[in-house]
Participant: 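Following this message is one structure expressed as structure tokens.
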Amino acid sequence: MSTRSKKKLIAMPQIMLPEETVRDMWEEISNAIVLIQEQRACRGMSFQELYEKVNQLITAQKLQFMYTSLTEVIQTHLLLVHHQLKNVDHDGLLQAVLDAYEAHTLAMLKIRDLLMIMDSKRDSTRQPLLNLGTTLFNEKVVQAAPLPQLILEGMLRLIAGSRGGETVTAHLLRSVTTMLIEVGSSNAGHDRGVVYKAIFLDGFLERTRDYYRDQSQKQQQELDVGSYLRWAHDKIEEERKLVETSLDAELTLQPLLQLLRAELLETYRADIVAALSIREMVDAGNLDVLVLALKLFKHVEGGLKAVGDRVRQYISDTCAASIQAEDVREGAKSAIKLIGLFCDLVGLFYSMLTDKLECDSDFTHTLNTAFSAVINTHKRISEYLSIYIDHVIRVHVKEKSSDNVEQVFDRAIRLFRLLTEKDVFERYYKQHLARRLLMVKSSSDEAERMVISRLKAECGNQFTNRFEAMFKDIQISDDNMRDFKKEFVNDHKLLGDVRVLTTVMWPTQQSLSCELPRDLRDATGAYEAWYLAKHTGRKLTWQTALGTMLLQARFPKGSKLLSVSTLQGIILLLFNDVGGSLSVADLEAKTGLELTALSRSLQSLALGKHKVLIKSGADEDELTKATTFEMNNSFTSKMTKIKIVQGVVKETAPERQVTQDRMDEDRRLLMEASIVRVMKHRRNLGHNDLVIEVTKMLSARFVPTPQGLKKRIERLIEADFLRRSATDTSVYEYVA
């Protein structure tokens, strides 16, 4: 069994001192303290002797007596300091207060060293000696009348001088501020800024309000809106700098900024917003004043909304007027002009947003709402955007630098992002892309892929997989054509290029039955046999309406190279076999073309810019089976190679309606599929939650209406895919 040694406790002996001895000893200590406060050297007794006397008094249990007596000594000294400071002239008061505070702090450090044992014996009823000294300085000097008012006036004079352009020593203001913070923080549990607020901050804010109320009234009357906003911005920044360099930013900055915004901006908000001429800014291509207004009013309650409403109204009015003007004259040129205007506006406002407003979320929402609300009122906006991008890729890419092209595409894609009918855009873009790829009208494959990559980033792979498949078909067709030409080096030279298209990936085309010339028929037959031998189980259908030909035409006045469509070329080749004219009936029989397609090709050859055929036998505007055509032997042109454009068949109103009906049916199927997908995952879901999830799922293609979704839900209930909950009819359950 082990034994544990016990620690011995040694009791300190308690000495008893007569009261007279205690008073004599404290008098010697207090005399030394006074000499320290007066910054004079102690004589007659060494620091060690004084320290021993302090120890003896503490041993004699005189701690409270010493603490009370020390407080009286410090108070007596500070009353004298206060009296001296009252008589200091105003210009030197702040520095005098700082000097007194510094001397007092230094004295308290020495007193604390002398009374270190006493300071170590403190309890909850007694402050540390340094805190005691600071608290007493606050009570007997800083907050003793009339010093609080004198300190405030002294600080305000320095600040007024700074606002008036005088050079002010920021160090003095900062030092006084630090002193006010320190004397207010000496008591535990006190707000660190209680003295700073009471003596300076409240008065400073009141004086600042009066100053800027007068200044803003004068400036608002004299300056235009841009100059006034710049003046207000400069003043706010000057005051911010003053606070950060000379005052306490944590306590001062926010209330000061709130005051300045109220006096300089909120008071005149209606007048400033009304005076913002956004049309003039846009015409000048400079939105700096608008940017400044947005930055300033962002921090004013209701201010950003007021400026945003002004911007929204301008966008709405401008776009609506443009839509109305361009609707009068429909067509590709109208579409290009309208979308070009929209893209310019989008580029101007969104570049301002990203470059100068750091993509502020509130203003981003304002712009998105404004543009989306107005552009989606145009029933053909998705088609027009596709026409615009088609025009840029065909014409403008080769005229612009890569940076400019990217900027144009970025603006177009930002406009695309705002469309509610992205599936309509997809349909038209697929048609335009097909035409560019098949007719070799694209200026740059890089530009094509640039647009597709941006569309993929916006809507995902499913949106662009057909576009990418179309490019892949072209690439595979090129490889096949090279292999074919290697095997048939000297044969079928009439066959230039063959594009094999995957039917489901390309826009649906009307297949035109057409009789090919014998040589061309032999060449296409050879390619078809070669291709099907390599790819069993496939079927090729020749789309003659999509091909092109390059013909060498010998006119009496010179030979020309004619770049024409396949149908135009077939028609022209028939004139090799006749010496005179051919009627429409003859051409219809020889080509096997329907009259509509034949008529379109003939008119482009006889009535277009380059009239290589002469039409006769009927009124020029009419075309009957008796109408005859013959080669124009007097045809001439300065160009060696001539491109004869076949007129593009415009979509008629009934055809557009049929297309819309087909798209509506596709949308109904997509809505039902999305509803089933969500319900299969969630098993049961409330009506509103189901609408929200399905809308989010389909928003990459189109925005379904709540009414449309409700009808699809009802149909799925009828088809036993869903059922209503027995306990809550607004909740749906998935039927497995």
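Sequence positions, counted from 1, serve as the residue numbers for this chain.
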Participant: Within 45 degrees of the axis of the six-membered ring of Phe409 and under 6.0 Å from its centre: does Arg454 put its NZ or CZ there?
Facilitator: no
Participant: Do the rings of Tyr527 and Tyr531 sit parallel, tilted or perpendicular, given the 30° and 60° boundaries?
Facilitator: parallel
Participant: Whether Arg667 and Glu421 form a salt bridge (side-chain N of Lys/Arg under 4.0 Å from carboxylate O of Asp/Glu) is what I want to check.
Facilitator: yes
Participant: Is the shortest heavy-atom distance from the side chain of Glu426 to the side chain of Met663 under 4.5 Å?
Facilitator: no
Participant: Classify the side-chain pair Ser442/Glu448 by whether it contains a donor and acceptor separated by less than 3.5 Å.
Facilitator: yes
Participant: Do Thr627 and Thr624 have a side chain donor and acceptor closer than 3.5 Å?
Facilitator: yes
Participant: So with a 6.0 Å cut-off around NZ of Lys534, is the heavy-atom count from everything else above 12?
Facilitator: yes
Participant: Please tell me if the side chains of Leu385 and Ile381 come closer than 4.5 Å, counting only heavy atoms from C-beta onward.
Facilitator: no
Participant: Mind running side-chain contact (heavy atoms from CB on, under 4.5 Å) on Phe342 and Tyr384 for me, showing each step along the way?
Facilitator: CA-CA 11 Å; Phe342 287 170; Tyr384 278 18; over 6 Å; no
Participant: Between Asn376 and Ser372, does any side-chain donor sit less than 3.5 Å from a side-chain acceptor?
Facilitator: yes
Participant: With no hydrogens and no angle check, do the side chains of Asp689 and Tyr732 hold a donor and an acceptor under 3.5 Å apart?
Facilitator: no
Participant: Just wondering, do Met631 and Leu613 contact through their side chains at under 4.5 Å, heavy atoms?
Facilitator: yes
Participant: What class does the angle between the rings of Phe635 and His610 fall in, given that below 30° is parallel, 30 to 60° is tilted and above 60° is perpendicular?
Facilitator: perpendicular
Participant: Establish, from distance only, whether the side-chain atoms of Ser477 and Asn480 form a donor-acceptor pair under 3.5 Å.
Facilitator: no
Participant: Closer than 4.0 angstrom, basic N to acidic O: yes or no for Glu665 and Arg662?
Facilitator: no
Participant: Side-chain contact test, heavy atoms from C-beta onward, threshold under 4.5 Å: evaluate it for Lys485 versus Asp497 and give yes or no.
Facilitator: yes
Participant: May I ask you to say whether Arg449 pairs ionically with Asp445, meaning some side-chain N is under 4.0 Å from a carboxylate O?
Facilitator: no
Participant: Would you indicate whether the side-chain heavy atoms of Ile389 and Phe425 approach each other to under 4.5 Å?
Facilitator: yes
Participant: For Trp530 and Phe484, take the angle between the two ring planes, folded into 0 to 90°, and tell me which bin it lands in: parallel under 30, tilted 30 to 60, perpendicular over 60.
Facilitator: perpendicular
Participant: Look up atom CE in Met505 and atom NZ in Lys472, then write down how far apart they are to the nearest 0.5 Å.
Facilitator: 9.0 Å
Participant: How long is the gap from CZ on Arg411 to CG on Asp344, to the nearest 0.5 Å?
Facilitator: 6.0 Å
Participant: Heavy-atom count check: over 12 atoms from other residues, nucleotides or ligands less than 6.0 Å from Lys430 NZ?
Facilitator: yes
Participant: State the NZ-CG distance between Lys625 and Leu595, to the nearest 0.5 angstrom.
Facilitator: 6.5 Å
